[in-house]
Asker: 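Take this structure first; my questions come after.
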Amino acid sequence: MKKMTLIAALLVPSLFGSVANAQTEVNPKLVAALSNDLRQEANLQRDVYRHPGETLSFFDIKPTDTVIELWPGGRWYAEILAPYLAAEGHYIAANFDANPPEGVTLPGYQIRLGKALQQWISDNNTALGNASVLAFDPPRLASLGDDNSADAVLTFRNLHNWAMKEQLENVFDAAYQVLKPGGVFGVVEHRAKPGMEIKSGYMVQDEMIALAEQSGFKLVASSEVNANAKDSKDYPKGVWTLPPSLRLGDQDKEKYLAIGESDRMTLKFVKK
């Protein structure tokens with residue numbers, strides 16, 4: 001089942017991105033990581049929407065890189081990146097604070113997911129090499145590590161969370177500080193129409209580019225590999241109306257499943 005899913009993801013043109021993006025060359029080690037045994041079947045089924053091989057290739061993530069993933073949450077990309085980097089690189093999960101100090105209150109789901117990721121890495125340390133976790137909760141915990149120490153910082157569908165907390169500038173600055181000169185800041189995010197409110201979960205692409213540039217980054221490429229023209233972006237529960245959240249439950253479920261996951265910007269920045 002995993003092998004067939006992988007073949008479909010790599011060889012069949014994307015339903016939502018352009019044919020050119022769908023045919024992005026994926027190196028053999030990344031191909032192997034896409035079908036590794038640590039990936040959950042439910043996560044494999046989302047490849048048709050998230051195009052992980054093409055996306056990581058677009059960001060030029062090499063198996064020798066030190067890569068920091070911001071807020072991996074339920075470890076969708078961690079299950080690909082950590083095995084891919086295990087032998088020669090280093091995967092670092094800048095995740096929720098699993099053990100907040102007394103007096104700091106965090107949502108229960110963040111502590112639960114933070115502990116689950118730590119346990120997953122511990123349980124699979126042979127397969128994941130030196131994969132590690134650091135707590136990232138700006139502004140309280142706003143460092144991603146030593147300056148100029150990472151080859152890439154990646155974030156998938158998280159910008160709206162920090163925007164709602166008025167922490168996006170801190171996040172972009174932290175990414176810039178930790179990256180080596182020429183390092184990649186890769187962004188995938190729900191793409192808004194101009195004028196949409198942050199509470200919808202969608203973000204305006206031009207505004208995200210401007211903010212990254214304000215932090216010192218240079219936009220070197222954008223991709224439509226994660227675009228979805230079916231996404232009208234006008235739902236009662238914002239982006240969470242669509243799969244995988246399906247916040248309306250069974251109400252119009254088939255309609256939203258037919259739309260698929262959100263329309264997404266895919267942006268590649270470098271540290272000057």
Side-chain angles (χ1 to χ4, degrees), residues 50 55 59 67-78 81 92-101 104-114 117 133-145 147 150 152-179 183-219 222 226 233 237-240 242 244-245 247 261-271:
R50 298 182 177 181
T55 299
F59 291 146
V67 177
I68 301 173
E69 183 187 1
L70 305 183
W71 280 15
R75 70 174 188 262
W76 199 92
Y77 262 98
L81 283 165
I92 302 170
N95 204 22
F96 306 125
D97 187 358
N99 299 287
V104 174
T105 301
L106 297 177
Y109 79 91
Q110 291 191 0
I111 296 174
R112 175 176 55 81
L113 289 174
L117 182 64
V133 177
L134 64 85
F136 184 63
D137 184 29
R140 181 175 63 92
L141 299 170
S143 172
L144 291 170
D147 290 357
V153 175
L154 305 178
T155 174
F156 302 96
R157 308 173 312 282
N158 277 317
L159 299 189
H160 57 280
N161 294 309
W162 297 308
M164 290 176 187
K165 296 173 62 178
E166 299 184 350
Q167 292 301 317
L168 257 185
E169 185 175 348
N170 283 339
V171 172
F172 282 24
D173 287 348
Y176 190 87
Q177 287 296 116
V178 78
L179 282 169
V184 171
F185 181 38
V187 173
V188 176
E189 176 61 310
H190 313 296
R191 179 164 46 195
K193 297 176 182 178
M196 289 181 69
E197 296 183 353
I198 293 173
K199 67 180 182 180
S200 69
Y202 292 90
M203 304 297 292
V204 177
Q205 180 166 322
D206 287 348
E207 293 178 1
M208 297 304 95
I209 294 171
L211 187 61
E213 291 176 341
Q214 179 181 307
S215 292
F217 288 107
K218 177 182 178 181
L219 179 69
S222 63
N226 294 305
K233 311 177 185 182
K237 296 292 184 179
V239 72
W240 301 280
L242 297 176
S245 297
R247 287 282 176 84
E261 296 194 10
S262 67
D263 174 50
R264 292 162 186 167
M265 65 183 89
T266 304
L267 308 173
K268 180 181 179 181
F269 300 93
V270 296
K271 178 175 179 175

Asker: So L267 and F185, do their side chains get closer than 4.5 Å, heavy atoms only?
Answerer: no
Asker: What's the separation between atom CD in E169 and atom CD in Q214, rounded to the nearest 0.5 Å?
Answerer: 5.0 Å
Asker: Mind checking the CG-CZ spacing from L81 to R75? Nearest 0.5 Å is all I need.
Answerer: 14.0 Å
Asker: Give me the atom names and distance for the closest heavy-atom approach of A174 to A142.
Answerer: CB-O, 3.2 Å
Asker: Does any part of the side chain of M265, heavy atoms only, come nearer than 4.5 Å to the side chain of I209, both counted from C-beta?
Answerer: no
Asker: Quick one, F172 and W162 - any side-chain contact, counting heavy atoms below 4.5 Å?
Answerer: no
Asker: Could you check if a side-chain atom of F96 sits within less than 4.5 angstrom of a side-chain atom of L117, using non-hydrogen atoms only?
Answerer: no
Asker: Could you report the tightest heavy-atom contact between V204 and K193, atom names first, then the distance?
Answerer: CG2-O, 3.9 Å
Asker: Is there a side-chain contact between E261 and N226, using heavy atoms and a 4.5 Å cut-off?
Answerer: no
Asker: If you define the side chain from C-beta out and look only at heavy atoms, does anything of M196 sit under 4.5 Å from H190?
Answerer: no
Asker: What closest approach, in Å, do V178 and V153 show between heavy atoms, and which atom pair accounts for it?
Answerer: CG1-CG2, 3.6 Å
Asker: Less than 4.5 Å apart, side chain to side chain, heavy atoms only: is that true for D147 and Q177?
Answerer: yes
Asker: When rounded to the nearest 0.5 angstrom, what is the spacing between CG in D97 and CD1 in I111?
Answerer: 7.5 Å
Asker: Without swapping roles, check the side chain of S200 against the backbone of Y202 for a donor-acceptor pair under 3.5 Å.
Answerer: yes
Asker: Just wondering, more than 12 heavy atoms not from E213 lying within 6.0 Å of its CD?
Answerer: yes
Asker: Taking the side chain from E189 and the backbone from L159, do they hold a donor-acceptor pair closer than 3.5 Å?
Answerer: yes
Asker: Applying side chain to side chain donor-acceptor pair (under 3.5 Å), name anything that partners D263, two or more places apart in sequence or on another chain.
Answerer: R191, K233
Asker: Nearest 0.5 angstrom please: K237 NZ to L242 CG, how far?
Answerer: 14.0 Å
Asker: Go through the structure and list residues passing side chain to side chain donor-acceptor pair (under 3.5 Å) with Y77, not counting sequence neighbours.
Answerer: none
Asker: Does one side chain, of S245 or R247, offer a donor that lies under 3.5 Å from an acceptor on the other?
Answerer: no
Asker: Got a sec, which residues hit salt bridge (charged side-chain N to carboxylate O under 4.0 Å, His left out) with D137, two or more places apart in sequence or on another chain?
Answerer: R140, K165
Asker: Which label fits F156 and F59: parallel for a plane angle under 30°, tilted from 30 to 60°, or perpendicular past 60°?
Answerer: tilted
Asker: Classify the ring geometry between F217 and F269 as parallel (under 30°), tilted (30 to 60°) or perpendicular (over 60°).
Answerer: tilted
Asker: Can you give me the closest heavy-atom contact between A150 and I68, atom names plus distance?
Answerer: CB-CD1, 3.8 Å
Asker: Is the backbone N or O of V270 less than 3.5 Å from a side-chain atom of K218, with the two atoms forming a donor-acceptor pair by type?
Answerer: no
Asker: Distance from L70 atom CG to L144 atom CG, nearest 0.5 Å?
Answerer: 5.5 Å
Asker: Main chain of W71, side chain of N158: is a donor-acceptor contact present, judged purely on distance under 3.5 Å?
Answerer: yes
Asker: What is the distance from atom CG of D173 to atom CG of L211, rounded to the nearest 0.5 Å?
Answerer: 8.0 Å
Asker: Measure across E197 and K199 and return the closest heavy-atom pair with its distance rounded to 0.1 Å.
Answerer: OE1-CE, 2.6 Å
Asker: Which heavy-atom pair separates L179 from V184 by the least distance, and what is that distance?
Answerer: CD2-O, 3.6 Å
